[in-house]
Amino acid sequence: MKALLSFSEILKVGEPQIAEMERLGRQCAGADAAEAHAAFQRQVLRVEGVVKQTYGVAATSARKADDLGEVAEIWNGMSRFCQNALQTLTALTDRYPDCVAPGLYDLVLDYKLAADQRNRSALEELACQTIDLPRGLLPE
């Protein structure tokens, strides 16, 4: 059975959560900072859940992928998704230091680094498939 959604479509589902976190983070500097900060913190938890769930879907999708190129594409997409979240968090921290989410930044960075490693591994395996074995390495 083929998946109903591609992994890139799944990634798009999480993008609005990151955009909403950015919007709420900008409101932290407003007049009612306590209420805005609480809304931002709730959104941080949502983004954390989206990142964890998306990573789980990436891992499952990569295990069920038909070829290594698809595996590399999945992990590359996950890395880009995390990078987008990291850029948003960095911008929020720089502009609105009162509304920081350092725990989320560290978590997303860990997931990004793990996705990068899996992507590199898939690309290395893919490259190894195209290398001819040296003559005489194996008995003929």
Side-chain angles (χ1 to χ4, degrees):
M1 178 175 146
K2 216 43 180 160
L4 299 177
L5 293 173
S6 68
F7 188 68
S8 62
E9 291 170 319
I10 291 169
L11 290 173
K12 287 178 185 174
V13 171
E15 290 173 0
Q17 295 298 331
I18 295 171
E20 180 66 5
M21 179 180 64
E22 182 176 19
R23 186 187 73 76
L24 291 171
R26 287 192 308 262
Q27 291 179 350
C28 283
D32 190 6
E35 186 176 317
H37 187 71
F40 176 73
Q41 292 304 320
R42 286 190 300 273
Q43 188 63 25
V44 163
L45 293 174
R46 287 185 193 107
V47 170
E48 179 180 339
V50 166
V51 170
K52 287 179 178 180
Q53 184 175 15
T54 304
Y55 190 88
V57 171
T60 301
S61 298
R63 278 194 301 272
K64 294 182 178 191
D66 293 332
D67 61 66
L68 286 170
E70 189 177 347
V71 171
E73 184 179 313
I74 288 168
W75 290 118
N76 185 42
M78 185 68 211
S79 177
R80 285 191 322 261
F81 181 76
C82 291
Q83 183 62 39
N84 182 24
L86 290 170
Q87 287 173 335
T88 299
L89 288 164
T90 299
L92 287 172
T93 301
D94 290 346
R95 284 182 274 166
Y96 313 106
D98 293 338
C99 282
V100 294
L104 180 59
Y105 184 93
D106 293 345
L107 176 81
V108 175
L109 182 59
D110 288 344
Y111 279 110
K112 184 194 181 325
L113 294 174
D116 287 344
Q117 177 58 43
R118 285 166 175 72
N119 182 38
R120 274 191 306 278
S121 294
L123 291 173
E124 287 173 5
E125 286 183 48
L126 198 57
C128 285
Q129 291 178 351
T130 62
I131 297 173
D132 291 331
L133 291 175
R135 192 175 170 113
L137 179 67
L138 299 174
E140 294 183 32

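Atoms considered below: every heavy atom in the structure, side chains included; atoms not considered: hydrogens, waters and symmetry mates.
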### Task
Apply the side chain to side chain contact (heavy atoms under 4.5 Å, CB included) test between Asn76 and each candidate in Leu123, Asn119, Val71; give the one that qualifies.
Asn119
#### Entry: Thr54 vs Tyr111 side-chain heavy atoms within contact, under 4.5 Å
no
### Message
Side-chain heavy atoms nearer than 4.5 Å, only ILVMFWY residues, links allowed to pass through others: does that put Leu86 and Leu113 together?
### Response
yes
### Query
Out of curiosity, Leu137 CG to Asp132 CG, how far, rounded to the nearest 0.5 Å?
12.0 Å
### Task
Check whether any side-chain heavy atom of Glu73 lies under 4.5 Å from a side-chain heavy atom of Phe7, and answer yes or no.
no
### Query
Any idea which heavy atoms bring Gln43 and Leu24 closest together, and the distance?
CB-CD1, 3.6 Å
### Query
For Gln53, does the CD atom sit with more than 12 other heavy atoms under 6.0 Å from it, leaving out its own atoms?
no
### Query
Out of curiosity, Phe40 CZ to Glu35 CD, how far, rounded to the nearest 0.5 Å?
15.5 Å
### Distance in Å, Met78 CE paired with Leu11 CG, rounded so as to fall on 0.5 Å steps
7.0 Å
### Task
Any chance you could measure Arg118, atom CZ, to Ile74, atom CD1, to the nearest 0.5 Å?
12.5 Å
### Residues which pass side-chain hydrogen bond (donor to acceptor under 3.5 Å, both in side chains) with Gln129, listed by chain and number, not counting sequence neighbours
none
#### Entry: Lys/Arg-Asp/Glu bridge criterion (N-O < 4.0 Å) met for Arg120, Glu124
no
### Message
With rounding to the nearest 0.5 angstrom, report the CZ to OG1 distance, Arg23 to Thr88.
### Response
14.0 Å
### Task
With the side chain counted from C-beta on, respond yes when Asp67 and Glu70 share a heavy-atom pair under 4.5 Å apart, and no when they do not.
yes
### Gap between atom NZ of Lys12 and atom CG of Leu5 - 0.5 Å precision
11.0 Å
### Task
Could you check Glu20, Met21, Gln17 and say which one makes a side chain to side chain contact (heavy atoms under 4.5 Å, CB included) with Arg46?
Gln17
#### Entry: Heavy-atom closest pair, residues Ser79 and Ala115
N-CB, 3.9 Å
### Query
Would you call Lys112-Asp116 a salt bridge at under 4.0 Å N-O?
yes
### Summary
All heavy atoms of Leu107 vs all of Glu48, minimum pair found to be CD2-CG, 3.4 Å
### Donor-acceptor pair between Gln83 and Arg80 side chains, under 3.5 angstrom
no
### Query
Taking only residues at least two apart or on different chains, which pairs with a member in residues 61-82 satisfy ring pair (Phe, Tyr, Trp, His ring centres under 6.0 Å)?
Tyr55-Trp75
### Query
Is Val13 reachable from Val47 through a run of hydrophobic residues whose side-chain heavy atoms are each under 4.5 Å from the next?
no
### Message
Can you see whether Gln117 engages Ser121 through a side-chain donor-acceptor pair at a distance of less than 3.5 angstrom?
### Response
yes
